[in-house]
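Start at 1 and go down the list; that is how both ligands and their atoms are numbered. Computed from a predicted structure; not experimentally measured.
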Amino acid sequence: MTDVAVLGGGIGGLTAAHELAERGFDVTIFEANDRFGGKARSIPIADEPAALHGEHGFRFFPAFYRHVVDTMERIPDGNGTVADNLVETEATLIASTTGPGRIADTRTPDSVRGWLESLRPAFADELPARDVRFLLERLLYLLTACEARREEELDDVSWWEFIDAENRSPEFRDRLAFAVQSLVALRPQVGSARTIGTVYLQLLFGQLDPTRPTERVLNAPTSEAWIDPWLRHLETLEVEFRPNTPVQRLESNGRRVTGAVVADGRSVAANERTISADEYVLAVPVEVAPEVIPPALARTVPELDRISRLETAWMSGIQFYLAEDVELTRGHQVYADAPWALTSISQRQFWTGTDIESRSPDDVEGVLSVIASDWDTPGVLYDKPARECTRDEVAAEIWEQLKRHLNGPDERLRDELLVDWFLDPAIVEPGGSSERPLADGDRAEHRRVNLERSRPAEEEALDEVGVENQSPLLINTVGSLRNRPPADVAVGNLTLASDYVRTNADLASMESANEAGRRAANAILDRRGTGGRQAQIWGLEEPAVFEPFKRQDRFRYRLGLPHPAEVTQSLRGATRRLGERV
Ligand SMILES: Cc1cc2nc3c(=O)[nH]c(=O)nc-3n(C[C@H](O)[C@H](O)[C@H](O)COP(=O)(O)OP(=O)(O)OC[C@H]3O[C@@H](n4cnc5c(N)ncnc54)[C@H](O)[C@@H]3O)c2cc1C
């Protein structure tokens with residue numbers, strides 16, 4: 001018996017636990033895995049305690065993140081806090097296979113000229129003037145549309161259509177896709193104009209705000225820089241941790257949750273037992289939630305029922321351990337022509353507190369961390385999409401796509417530099433582990449690199465093995481807002497705290513998961529009437545200068561009138577026609 005049972009120990013669950021424990025609640029976290037942190041945790045690449053860590057994918061903190069940074073500022077670490085481990089990036093490299101890469105500055109401008117430069121979209125000099133004008137017009141449309149119009153109209157239009165991508169120059173299409181590619185859960189073709197447009201604006205404002213760094217990354221693997229100190233801090237607040245304890249299902253009487261059946265250990269034959277609590281915070285991923293919510297409860301609470309309509313996609317990371325440190329830019333790299341939508345970061349320049357050599361196999365001097373966000377488009381080496389490749393093929397294919405982008409006149413990535421690689425252990429081959437989540441206990445294979453495994457495409461095509469992803473990520477899709485539940489669902493003692501919950505940030509991210517955890521905690525405080533002040537929630541800030549226009553549009557919207565730019569209705573028509581064609 002505990003006051004609050006938090007089911008799932010990712011960013012959402014840990015945040016809810018943090019807020020509640022600070023306010024005097026007894027909190028126990030039940031986590032399926034043997035490590036906490038969920039998708040954000042680091043994963044040791046070998047059994048030794050000091051082994052280097054791999055990650056699902058590198059972590060990126062744009063300027064508009066408020067919640068997650070506030071939490072980090074409240075976690076002690078050494079003489080400061082975990083937030084001190086955030087370091088600013090300086091530049092993004094947009095690498096191309098057809099020409100020299102382009103470097104986009106991510107530093108906040110510090111001169112009038114710099115400000116003027118930034119006010120133009122970063123790529124204006126590469127686009128036809130009519131495209132730049134059109135983009136600015138679209139952004140103004142967004143900035144002057146009232147919230148209701150954004151939610152009810154723009155959520156039903158894809159970003160792709162909103163920016164009329166099909167009829168614009170290829171450069172325009174490419175550049176606008178790249179602008180949000182670092183946030184892996186955003187896909188320009190399927191994401192809504194509301195969400196992608198809002199996030200795009202936030203990224204743009206972030207670049208212009210002199211008071212905040214445009215984007216930051218951690219100075220060590222995520223667990224070392226953030227999650228481990230967080231767990232230690234939660235221990236001081238007397239939070240109890242139950243790793244390897246997956247919740248199997250909730251029990252309910254149709255109105256309230258009456259218990260949670262958990263397994264002791266992750267094996268199939270694990271013992272089951274029922275735990276009980278006054279409050280249950282469900283903080284498992286979106287694809288797991290419908291499996292543990294009792295059907296009877298879902299039938300009576302439509303918000304719970306609609307969770308299963310939310311969509312996921314594959315985004316996963318691989319780390320290449322290199323015999324030399326290849327710095328690239330001090331920031332991200334976006335690979336413009338990579339069929340697998342690759343982004344990367346060269347870690348060592350940021351991991352100043354990590355002694356890479358002494359912690360890694362062989363003579364590793366550099367770590368290139370890469371995320372593949374498209375698992376459906378055929379690659380360049382085997383002509384297969386990533387999901388049809390073996391793990392070895394995935395690694396070889398990604399390496400090849402990187403080389404084709406980075407190796408111009410000077411060969412930056414050479415095969416002999418590659419010492420080892422570590423692919424997200426959630427990517428499993430059939431016949432590997434079928435348990436979920438990450439059932440091989442994070443002791444994922446990491447293998448000595450053998451480039452001979454890059455066999456000819458014809459030979460590999462015969463294998464037809466393919467992989468499964470046991471940890472997909474929620475993606476934003478057109479019209480999905482209505483399926484996103486609030487943290488405070490209409491069940492007396494159940495709240496939700498995960499990245500699919502409806503939040504201001506509204507995109508699968510650590511920021512949303514953190515905001516959701518706060519909202520869950522606030523709902524519990526409200527219900528119980530104890531615990532003091534609420535956890536702070538921030539809205540997304542947009543420049544005040546647009547407020548009068550939004551007010552005017554609010555009025556027009558209530559009267560059923562279109563936005564002054566008079567395009568929304570035709571866009572909705574276009575969306576419908578497109579849907580019919582598909
Ligand atoms: C490759 C990649 C890169 C990313 N990069 C960024 C980034 O740069 N910036 C950013 O903001 N976001 C990023 N994200 C998104 C971000 O990591 C997630 O949105 C966020 O961490 C989700 O947190 P969560 O708590 O909602 O869910 P999760 O992290 O999924 O946590 C859920 C927890 O529940 C546990 N669990 C599952 N089943 C059960 C069960 N039955 N019982 C108990 N526990 C269970 C899981 O093991 C997990 O620990 C990235 C995601 C990916 C995949």
Side-chain angles (χ1 to χ4, degrees), residues 5-17 29-41 54-62 64-65 67-69 181-186 199 215-218 222 226-227 242-250 260-263 266 275 281-289 291-293 312-319 332 341-343 345 369-373 375 423-424 426-427 435-439 441-442 469-476 487 496-501 503 505 507-517 520:
V6 175
L7 309 168
I11 303 298
L14 292 174
T15 305
I29 310 179
F30 298 86
E31 163 58 48
N33 212 313
D34 54 3
R35 294 174 71 83
F36 290 81
K39 294 185 184 76
R41 78 193 186 289
E55 316 233 8
H56 272 295
F58 51 80
R59 305 279 123 195
F60 151 81
F61 299 73
F64 73 88
Y65 281 17
H67 302 89
V68 98
V69 176
Q181 198 163 308
S182 309
L183 286 163
V184 290
L186 293 182
V199 171
E215 63 171 55
R216 291 185 286 178
V217 294
L218 288 165
T222 313
W226 174 19
I227 307 294
R242 300 279 182 275
N244 296 319
T245 313
V247 58
Q248 308 292 305
R249 59 192 175 279
L250 297 176
V261 178
V262 298
R266 288 188 298 171
I275 54 122
V281 178
L282 188 62
V284 297
V286 65
E287 75 283 4
V288 178
E291 292 173 16
V292 302
I293 295 170
T312 58
W314 293 20
M315 285 107 187
S316 286
I318 183 167
Q319 282 78 50
H332 292 100
L342 305 180
T343 44
I345 192 163
S369 185
V370 188
I371 295 176
S373 296
W375 289 67
L423 176 62
D424 183 341
I427 301 295
E435 287 179 59
R436 197 210 54 212
L438 297 189
D442 287 350
N469 184 352
Q470 297 181 335
S471 186
L473 184 69
L474 174 81
I475 50 161
N476 171 266
L496 306 178
S498 192
D499 60 4
Y500 63 87
V501 165
T503 56
L507 107 132
S509 63
M510 301 182 294
E511 174 71 355
S512 278
N514 184 287
E515 187 185 327

Would you say ligand 1 has an N or O under 3.5 Å from any N or O of [X]?
| X | answer |
| --- | --- |
| Gly12 | yes |
| Val247 | yes |
| Glu31 | yes |
| Ile11 | yes |
| Pro246 | no |
| Ile371 | no |
| Asp499 | yes |
| Ala32 | yes |

Atom indices of ligand 1, in the order listed, that fall short of 4.0 Å to a heavy atom of [X]:
| X | value |
| --- | --- |
| Lys39 | 17 (O), 21 (O), 28 (P), 29 (O), 30 (O) |
| Ser498 | 24 (P), 26 (O), 27 (O) |
| Phe58 | 5 (N), 8 (O) |
| Val288 | 38 (N), 41 (N) |
| Ala513 | 23 (O), 24 (P), 26 (O) |
| Tyr65 | 9 (N), 10 (C), 11 (O) |
| Phe30 | 43 (C), 44 (N) |
| Ala508 | 15 (C), 19 (O) |

Check: [Y] and [X] side chains under 4.5 Å, non-hydrogen atoms:
| X | Y | answer |
| --- | --- | --- |
| Val68 | Trp226 | yes |
| His67 | Thr15 | no |
| Leu7 | Val292 | no |
| Ile318 | Ile427 | no |
| Tyr65 | Arg216 | no |
| Thr503 | Glu511 | no |
| Gln248 | Val261 | yes |

**OP:** Can you figure out which of Arg59, His56, Arg249 has its heavy atom closest to atom 50 (C) of ligand 1?
**Re:**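 It is Arg59 that holds the nearest heavy atom.
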Original post:
Who gets closest to atom 31 (O) of ligand 1 by heavy atom: Ala40, Gly10, Gly8?
Top reply: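 Going through Ala40, Gly10, Gly8 one by one, Gly10 has the nearest heavy atom to atom 31 (O) of ligand 1.
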For [X] and [Y], work out which heavy atoms get closest and say how close.
| X | Y | value |
| --- | --- | --- |
| Ala497 | Val501 | N-CG2, 4.2 Å |
| Ser316 | Asn469 | OG-ND2, 3.6 Å |
| Ala5 | Phe30 | CB-CE1, 3.9 Å |
| Val281 | Ala520 | CG1-CB, 4.2 Å |

**OP:** Tell me which part of Ala283 gets within contact of ligand 1: side chain, backbone, both or neither, using heavy atoms under 4.0 Å.
**Re:** backbone
Subject >> Ser369 and Glu55 side chains, donor-acceptor separation under 3.5 Å >> reply: no
